[in-house]
Amino acid sequence: MPPGYTSATAPGVLPLLGHAPYFVYDALGFLESLPTHGDLVRIKLGPIRAYVPCHPALLREILNNDQVFDKGGPFYDRVREIAGNGLASCPHADHRGMRRMLQPAFSRRRTAEYGTFMEQEISALTKSWEEGSVIDALPTFYGIAVRTVARSLFATNIGDNTVEDIRQSYEIAFGNVFARMLMPKVLARFPLPVNRRFQQANAQLTMTVNAIMAQYKRSPVEHQDILSTLLAARTEDGAALTGDQIRDQVVTLIAGGSETTAATLSWACYLLTQHPAAEKRLHRETDSVLADRPARWEDLAQLPYTTRIITETLRLYPPGWFLTRTTTRPVTLAGTTLPTGTTVVFSPYVLHRNAAVFDNPRTFDPDRWLPERAATLPRGAFATFGHGARKCIGDNYAMAEAILMLATLAGRWRWEIAPGADPRPQRLTTFLRPRRTLLKLHARTVTTEENTP
């Protein structure tokens with residue numbers, strides 16, 4: 001075994017079930033415990049044996065070699081039932097061509113143009129709030145995010161009913177991924193309640209997306225958006241994308257641009273209620289930069305503390321907390337030979353909570369992302385957006401949206417946790433999100449204190 005790497009099996013393996021019961025009842029606690037056993041830890045989820053890298057160098061090796069550690073395994077088997085062969089779920093063989101087609105839509109110039117949509121949607125919502133109002137953070141922020149991503153995708157506004165249809169369809173479809181992942185494959189074909197809910201939600205999602213696309217194609221306006229990029233794209237043999245291929249990309253991009261942002265903002269708002277000193281610093285920064293106006297794209301460079309808050313939130317609560325890869329040939333990792341077809345679990349949550357990587361990993365500390373402190377972290381320590389060729393194509397879009405939203409909110413409002421809130425993580429959801437973050441809003445008056453980020 002290479003020096004410095006250790007390998008072990010997580011304790012508590014149960015006959016037939018493996019570690020599945022621990023995973024079902026406290027998946028995050030179970031994952032957080034794995035680095036205490038080794039740098040590469042074997043787990044067993046029912047019949048599935050998987051390896052979890054807990055060391056940043058091992059995870060970087062996996063993510064930088066996407067041909068050998070390909071998108072696959074039980075998680076992506078289920079996600080493909082929803083997102084098909086979209087950019088985030090497609091195998092290595094299809095990825096390069098897809099990414100090349102989509103990359104122009106995420107250039108710096110195009111992403112800055114989407115920033116206008118972000119500003120308008122955030123501003124419209126915050127203007128509708130009143131002193132003492134209570135909002136449910138996750139669905140509220142989801143509405144902003146899905147409207148923004150719809151305008152970026154389709155250059156069009158969508159109504160409240162469509163937003164709610166999309167939210168419910170995604171919540172049910174993606175919410176059943178882990179339940180279906182842990183059940184024996186043969187049961188996935190039976191008309192069990194979990195399967196019926198999944199099939200109904202997936203059908204509703206497809207119908208909603210197809211209706212939006214049909215309306216888009218009937219529009220005589222020449223669009224400059226992501227969908228126009230897909231419609232104009234050609235495969236390597238010169239063929240246009242089929243309707244199903246475009247649908248898969250649209251479903252993928254809506255999921256990546258809405259649920260993840262909503263969850264991140266919900267967590268950030270909750271964390272700030274628990275850390276008043278960080279909240280005050282955020283207010284000083286937004287007052288200095290914004291002076292009671294919405295945050296704009298050109299403000300991003302002037303919001304370093306807001307940026308650090310979002311980065312630290314993504315460290316503590318990475319939206320994609322459990323993903324899988326499958327080996328396409330035998331490979332040695334940390335001195336362990338993994339045969340072809342071995343499942344490898346990619347979990348930013350494991351890495352981000354590892355005390356050997358981050359000091360006081362459970363502590364909310366935005367200043368750990370000051371340049372001089374971040375430079376001391378191992379390469380690949382922050383893995384929310386992945387690394388290598390499969391790194392999230394919309395990472396800059398997602399970061400910008402979250403920063404602009406938080407800055408605009410903090411510039412005009414402060415908030416506290418309202419009765420009835422339950423900020424604990426939901427169990428076994430595809431994206432890591434709080435159960436219910438109720439926030440009571442209080443209007444702020446801009447101060448003129450010197451900004452001290």
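In this text, all values refer to a predicted model and were calculated from it rather than measured experimentally.
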Open item on the list: So Pro294 and Ile122, do their side chains get closer than 4.5 Å, heavy atoms only?
Closed with: no

Open item on the list: Taking Gly72's backbone N and O only, do any of them form a donor-acceptor pair with Thr324's side chain (distance below 3.5 Å, no angle check)?
Closed with: yes

Open item on the list: Can you tell me if Glu130 has over 12 outside heavy atoms packed within less than 6.0 Å of its CD?
Closed with: no

- [ ] Kindly indicate whether the side chain of Glu119, heavy atoms from C-beta on, has any atom under 4.5 Å from the side chain of Trp297.
- [x] no

- [ ] Calculate, to the nearest 0.5 Å, the distance between atoms CG and CZ belonging to Leu28 and Phe23 respectively.
- [x] 8.5 Å

TODO: Say whether, by atom type as modelled, one donor and one acceptor occur between the side chain of Arg436 and the main chain of Asp136 under 3.5 angstrom.
DONE: no

Open item on the list: If you apply the rule side-chain contact (heavy atoms from CB on, under 4.5 Å), what do you find for Asn85 with Gln245, and how did you get there?
Closed with: CA-CA 7 Å; Asn85 205 41; Gln245 287 174 320; over 6 Å; no

Task: Step-by-step side-chain contact (heavy atoms from CB on, under 4.5 Å) determination, Phe346 to Leu351 - done: CA-CA 9 Å; Phe346 160 32; Leu351 190 64; over 6 Å; no

Open item on the list: Please verify the inter-ring angle class for Tyr270 with Trp267; under 30° counts as parallel, over 60° as perpendicular, anything in between as tilted.
Closed with: perpendicular

- [ ] Examine distances only and state if a side-chain atom of Arg247 and a backbone atom of Val209 form a donor-acceptor pair shorter than 3.5 Å.
- [x] no

- [ ] Using a strict 4.0 Å threshold on nitrogen-to-oxygen distance, state whether Glu113 and Arg109 make a salt bridge.
- [x] yes

Open item on the list: If you compare all heavy atoms of Arg435 against all heavy atoms of Arg427, which two are closest, and at what distance to 0.1 Å?
Closed with: NH2-CG, 3.9 Å

- [ ] For residues Asp248 and Val251, determine if any side-chain heavy atom of one lies less than 4.5 Å from a side-chain heavy atom of the other.
- [x] no

TODO: Locate the shortest heavy-atom distance separating Gly386 from Leu63; write the atom from each residue and the value.
DONE: CA-CD1, 4.0 Å

Open item on the list: Just to verify, what does Arg412 make a salt bridge (Lys or Arg N to Asp or Glu O under 4.0 Å) with, not counting sequence neighbours?
Closed with: none

Output a table of donor-acceptor pairs, distance under 3.5 Å, between side-chain atoms of residues 396-407 and any protein atom two or more places apart or on a different chain; print 'none' if there are none.
| residue | atom | partner | partner atom | Å |
| --- | --- | --- | --- | --- |
| Tyr397 | OH | Ser152 | OG | 3.2 |
| Glu401 | OE1 | Thr261 | OG1 | 3.3 |

Task: Check against side-chain contact (heavy atoms from CB on, under 4.5 Å), Thr327 and Phe69 - done: CA-CA 5 Å; Thr327 56; Phe69 297 95; 3.8 Å; yes

Task: Sub-4.5 Å side-chain heavy-atom contact between Thr162 and Glu164 - done: no

Task: Aromatic plane relationship, Phe106 with Tyr114 - under 30° parallel, 30 to 60° tilted, over 60° perpendicular - done: perpendicular

Task: Single hit among Asn202, Thr208, Thr206 for side-chain hydrogen bond (donor to acceptor under 3.5 Å, both in side chains) with Gln204 - done: Thr208

- [ ] Start with the C-alpha distance between Thr437 and Leu138, add both sets of side-chain angles, then the distance that settles side-chain contact (heavy atoms from CB on, under 4.5 Å), and finish with yes or no.
- [x] CA-CA 7 Å; Thr437 310; Leu138 189 69; over 6 Å; no

TODO: Report yes or no: does Arg414 contribute a side-chain atom to a donor-acceptor pair with the main-chain N or O of Ala443 at less than 3.5 Å?
DONE: no

Open item on the list: Quick check for you: to the nearest 0.5 Å, what is the distance between Arg325 atom CZ and His92 atom NE2?
Closed with: 12.5 Å

TODO: Could you tell me whether a side-chain N or O of Arg368 sits under 3.5 Å from a main-chain N or O of Thr363, the two making a donor and an acceptor?
DONE: yes

Open item on the list: Check Arg373 with Asp359, please: is the shortest side-chain N to carboxylate O separation under 4.0 Å?
Closed with: no

Task: Heavy-atom side-chain proximity of Val350 to Pro35 below 4.5 angstrom - done: yes

Task: Nearest heavy-atom neighbours spanning Ala383 and His352 - done: N-NE2, 2.9 Å

Open item on the list: Apply ring-ring contact (aromatic ring centres under 6.0 Å, His included) to residues Tyr170 and Phe431 and explain how you reach the verdict.
Closed with: CA-CA 11 Å; Tyr170 272 90; Phe431 301 108; 8.4 Å; no

Task: Contact summary for Ala50 and Val345, nearest pair of heavy atoms - done: CB-CG2, 3.8 Å

TODO: For Trp415 and Cys269, indicate whether the former's side chain and the latter's backbone hold a donor-acceptor pair under 3.5 Å.
DONE: yes

Task: Student check: side-chain heavy atoms of Ile135 and Trp413 closer than 4.5 Å - done: no

TODO: Verify, without hydrogens or angle tests, whether Thr229 (side chain) and Ala105 (backbone) share a donor-acceptor contact under 3.5 angstrom.
DONE: no

- [ ] Quick one: closest heavy-atom pair of Met98 and Leu87, and the distance?
- [x] CB-CD1, 3.8 Å

TODO: To the nearest 0.5 Å, tell me how far Ser347 OG sits from Phe322 CZ.
DONE: 7.5 Å

Task: Reported OG1-to-CD distance for the pair Thr430 and Glu171, which is rounded to 0.5 angstrom - done: 10.5 Å

Task: CZ-OH distance between Phe364 and Tyr317, expressed to the nearest 0.5 angstrom - done: 10.0 Å

Open item on the list: Can you confirm whether more than 12 heavy atoms, excluding those of Gln103, are under 6.0 Å from its CD atom?
Closed with: yes

Task: Side chain Trp321, main chain Thr429, donor-acceptor under 3.5 Å - done: yes

Open item on the list: Between Arg281 and Asp367, is the salt bridge (charged side-chain N to carboxylate O under 4.0 Å, His left out) condition met? List the steps.
Closed with: CA-CA 11 Å; Arg281 290 182 64 183; Asp367 281 345; 2.8 Å; yes

Task: Any donor-acceptor pair under 3.5 Å from Asp26 side chain to Gly29 backbone - done: yes

- [ ] Please name the pair of heavy atoms, one in Asn354 and one in Cys54, separated by the smallest distance, quoted to 0.1 Å.
- [x] ND2-O, 2.9 Å

Open item on the list: Less than 4.5 Å apart, side chain to side chain, heavy atoms only: is that true for Asp365 and Phe358?
Closed with: no

Open item on the list: Nearest 0.5 angstrom please: Leu58 CG to Tyr51 OH, how far?
Closed with: 13.5 Å

Open item on the list: Quick check against the 3.5 Å criterion: does Arg315 have a side-chain atom that pairs as donor or acceptor with the backbone of Pro361?
Closed with: yes

Task: Flag side-chain contact, heavy atom, 4.5 Å: Arg362 against Glu32 - done: yes

